[in-house]
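In what follows, chains carry the letters A, B, and so on, assigned in the order in which the sequence lines appear, proteins first and then strands, with residues in each chain numbered from 1.
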Protein chains: 2
Amino acid sequence: MVEFDPDASIEHGAPLPPYRQLAGILAARIGRGDWQPNRSIPSELRLVQEYGVARATVRRAVAVLVDQGVLFVVPQRGTFVKP
Amino acid sequence: MVEFDPDASIEHGAPLPPYRQLAGILAARIGRGDWQPNRSIPSELRLVQEYGVARATVRRAVAVLVDQGVLFVVPQRGTFVKP
DNA sequence: AGGAATTTGTGCGTATGTATA
DNA sequence: CTATACATACGCACAAATTCC
């Protein structure tokens, strides 16, 4: 397990690819309480703007957290923090 | 011309590279009628999953068939079987 | 009622870096 | 050195459903 700084930014060229960095950062922010259970995290577009990555990268990071049971997605509504 | 089994899977390390195997398999499936003229074949991502190869490999195989006049691509819409 | 905005789903186009035969 | 393959990333466009005004 790698510790992530919830305030970190994405570093291109780092050993860990951006999508994994973002997944770690988002997980850290959830752990810190930035977004409460059953509440939505920012939209993909917002995360694209905030972290300066492509939408595909955001979606990949989200997919990782969905796979880990941290988030769940509701089409056309948003991505939420699992209770 | 080499005959291909439409139900074959990709074999790494075979004399023919994966992208050529896939091109042959897809051509065989088209010939068998899996996909009708003017209908789209599965997306690149689906083929990636189905055949266990990289997207670049799928794109190469498709490029071969486009070059042969078997398929045509409509940007942002899909890849279709030529009438 | 209705149309614009929002948000996720899905396609292809393209480029870069790494690894291997 | 070249061809092949894979992983990753960014961009752009359109669809479908929901939400907002």
Side-chain angles (χ1 to χ4, degrees), chain A residues 2 4 8-26 29-30 34-35 38-82, chain B residues 2 4 8-26 30 34-36 38-82:
Chain A
V2 181
F4 272 91
S9 54
I10 304 299
E11 293 177 45
H12 290 73
L16 215 59
Y19 82 95
R20 288 189 185 284
Q21 292 178 46
L22 182 55
I25 291 170
L26 293 179
R29 293 190 62 178
I30 291 170
D34 280 21
W35 308 299
N38 283 315
R39 298 281 297 179
S40 70
I41 67 172
S43 72
E44 295 177 347
L45 187 56
R46 297 283 296 183
L47 293 175
V48 163
Q49 299 168 341
E50 183 171 350
Y51 288 97
V53 295
R55 192 182 158 206
T57 302
V58 168
R59 287 176 62 76
R60 206 156 175 192
V62 167
V64 168
L65 298 181
V66 167
D67 193 68
Q68 294 179 2
V70 175
L71 297 173
F72 66 97
V73 179
V74 179
Q76 278 71 59
R77 293 204 26 83
T79 300
F80 304 76
V81 178
K82 243 185 181 175
Chain B
V2 182
F4 272 90
S9 54
I10 304 299
E11 293 177 42
H12 288 74
L16 215 58
Y19 81 95
R20 288 187 185 284
Q21 293 178 46
L22 182 55
I25 292 171
L26 293 179
I30 290 170
D34 279 21
W35 307 298
Q36 297 301 312
N38 282 314
R39 297 283 297 178
S40 68
I41 66 173
S43 72
E44 295 178 347
L45 185 56
R46 296 244 182 238
L47 293 175
V48 163
Q49 298 169 344
E50 183 171 351
Y51 289 97
V53 296
R55 188 185 164 203
T57 302
V58 168
R59 286 173 64 75
R60 263 189 113 154
V62 167
V64 168
L65 298 180
V66 166
D67 193 67
Q68 293 179 2
V70 175
L71 297 174
F72 66 97
V73 178
V74 180
Q76 276 73 58
R77 301 277 316 147
T79 300
F80 303 76
V81 178
K82 241 184 183 175

(request) With sequence neighbours left out, write down each residue that passes side chain to side chain donor-acceptor pair (under 3.5 Å) with A/Glu50, or none if nothing qualifies. (result) A/Arg29
(message) Check this for me: does the side-chain of A/Gln76 come within 3.5 Å of the base of C/dT8 through a donor and an acceptor?
(response) yes
Would you be so kind as to tabulate the donor-acceptor pairs closer than 3.5 Å made by side chains of residues 19-26 of chain B, with sequence neighbours excluded?
from	atom 1	to	atom 2	distance (Å)
B/Gln21	OE1	B/Glu11	N	2.8
B/Gln21	NE2	B/Glu11	O	2.8
B/Gln21	NE2	B/Leu16	O	2.7

(request) Decide side chain to side chain contact (heavy atoms under 4.5 Å, CB included) for B/Asn38 and B/Val81; before the verdict, give the C-alpha distance in whole Å, the side-chain angles of both, and the deciding distance to 0.1 Å. (result) CA-CA 5 Å; B/Asn38 282 314; B/Val81 178; over 6 Å; no
(message) Can you list everything that forms a side chain to side chain contact (heavy atoms under 4.5 Å, CB included) with B/Ser9? Sequence neighbours excluded, please.
(response) none
(message) Measure CD/B/Glu44 against P/C/dG9 and give the value in whole Å, please.
(response) 20 Å
(request) Not counting sequence neighbours, which residues clear side chain to side chain contact (heavy atoms under 4.5 Å, CB included) with B/Gln36? List them please. (result) B/Arg39
Got a list of protein N/O to nucleotides 15-21 of chain C N/O distances below 3.5 Å?
none

(message) Are A/Val48 and A/Thr57 packed together at the side-chain level, in the sense that at least one heavy-atom pair is separated by less than 4.5 angstrom?
(response) no
(message) Can you pull out the residues from residues 16-24 of chain A that lie within a 4.0 Å heavy-atom distance of DNA chain D?
(response) A/Pro17, A/Pro18, A/Tyr19
(request) State, with a plain yes or no, whether a side-chain heavy atom of B/Val58 is found less than 4.5 Å away from one of B/Val53. (result) yes
(request) Determine whether B/Pro18 and B/Tyr51 make a side-chain contact, defined as any pair of heavy atoms from C-beta on separated by less than 4.5 Å. (result) no
(message) When you measure from the side-chain N and O atoms of B/Ser43 to the phosphate of C/dG11, is any distance below 4.0 Å, counting only OP1 and OP2?
(response) yes
(message) In whole Å, I'd like the distance from the CZ atom of B/Phe80 to the C1' atom of C/dC12.
(response) 11 Å
(request) Please list, by residue number, the residues of residues 48-75 of chain A whose heavy atoms come closer than 4.0 Å to an atom of DNA chain C; answer none if no residue qualifies. (result) A/Arg55, A/Arg59, A/Val73, A/Pro75
(request) List in chain and number order the residues that pass salt bridge (charged side-chain N to carboxylate O under 4.0 Å, His left out) with A/Arg55, two or more places apart in sequence or in another chain; answer none if no residue qualifies. (result) A/Glu44
(request) Would you kindly give the CZ-to-C1' distance between B/Arg77 and D/dC12, to the nearest whole Å? (result) 15 Å
(message) Nearest whole Å is fine: how far is C/dT10 P from B/Leu45 CG?
(response) 9 Å
(request) Only counting residues at least two apart or in another chain, list the ones meeting side chain to side chain contact (heavy atoms under 4.5 Å, CB included) with A/Gln68. (result) A/Val64, A/Leu65, A/Val70
(message) Enumerate the ring pair (Phe, Tyr, Trp, His ring centres under 6.0 Å) contacts for residues 52-74 of chain B, please, sequence neighbours excluded, ordered by first and then second residue.
(response) B/Phe72-B/Phe80
(message) Taking 4.0 Å as the cut-off, does a side-chain nitrogen or oxygen of B/Thr79 come that near to OP1 or OP2 on C/dC12?
(response) yes
